[in-house]
Amino acid sequence: MTTDDTDAYIEAAARIQGLEVDPAWKPNVARFFDVARSMAKLVEDTGALTDAEGAPVFTPRGGA
């Protein structure tokens, strides 16, 4: 559900990055934002540690 806050966030984020969001695409951008927000809620609801930090270097198995 798109809200005025969602629209304001999209406009502010685009402006900070020097982008323009074509008005025709704004509903799609808002919909993606809502999907991403719902996915973030699922992750938050797992109770996973919030104070954990990612490793500074990722090395795949087998080196490289």
Side-chain angles (χ1 to χ4, degrees):
M1 176 173 153
T2 302
T3 65
D4 290 338
D5 287 343
T6 299
D7 289 338
Y9 178 84
I10 291 167
E11 290 174 19
R15 189 171 35 256
I16 288 169
Q17 297 176 56
L19 302 172
E20 289 185 35
V21 178
D22 186 318
W25 282 91
K26 208 172 239 188
N28 292 329
V29 173
R31 178 66 183 135
F32 174 79
F33 184 79
D34 288 339
V35 168
R37 185 182 349 210
S38 68
M39 291 168 54
K41 174 101 171 85
L42 291 172
V43 172
E44 289 176 345
D45 289 347
T46 66
L49 296 175
T50 57
D51 61 348
E53 294 184 27
V57 176
F58 173 75
T59 305
R61 278 192 174 164

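When reading the values below, keep in mind they use all heavy atoms of this one structure, side chains included, and skip hydrogens, waters and symmetry mates.
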(message) Suppose clustering is done on Ile, Leu, Val, Met, Phe, Trp and Tyr with side-chain heavy atoms closer than 4.5 Å. Which residues sit in the same group as Val29?
(response) Ile10, Val21
(message) Any carboxylate oxygen within less than 4.0 angstrom of a Lys/Arg side-chain nitrogen, looking at Asp34 and Arg37?
(response) yes
(request) Any ring pair (Phe, Tyr, Trp, His ring centres under 6.0 Å) involving residues 22-41? Give me the pairs, sequence neighbours left out, ordered by first then second residue. (result) Tyr9-Phe33
(message) Please list all pairs meeting salt bridge (charged side-chain N to carboxylate O under 4.0 Å, His left out) that have one or both residues in residues 16-25, counting only residues at least two apart or in different chains.
(response) none
(request) Enumerate the residue pairs fulfilling side chain to side chain donor-acceptor pair (under 3.5 Å) with a member in residues 38-49, sequence neighbours excluded, ordered by first and then second residue. (result) Lys41-Asp45
(message) My understanding is that a hydrophobic cluster links ILVMFWY residues whose side chain heavy atoms are under 4.5 Å apart, including indirect links. Using that, what else belongs to the cluster containing Val35?
(response) Met39
(request) Identify, with sequence neighbours excluded, every residue that meets side chain to side chain contact (heavy atoms under 4.5 Å, CB included) alongside Ile16. (result) none
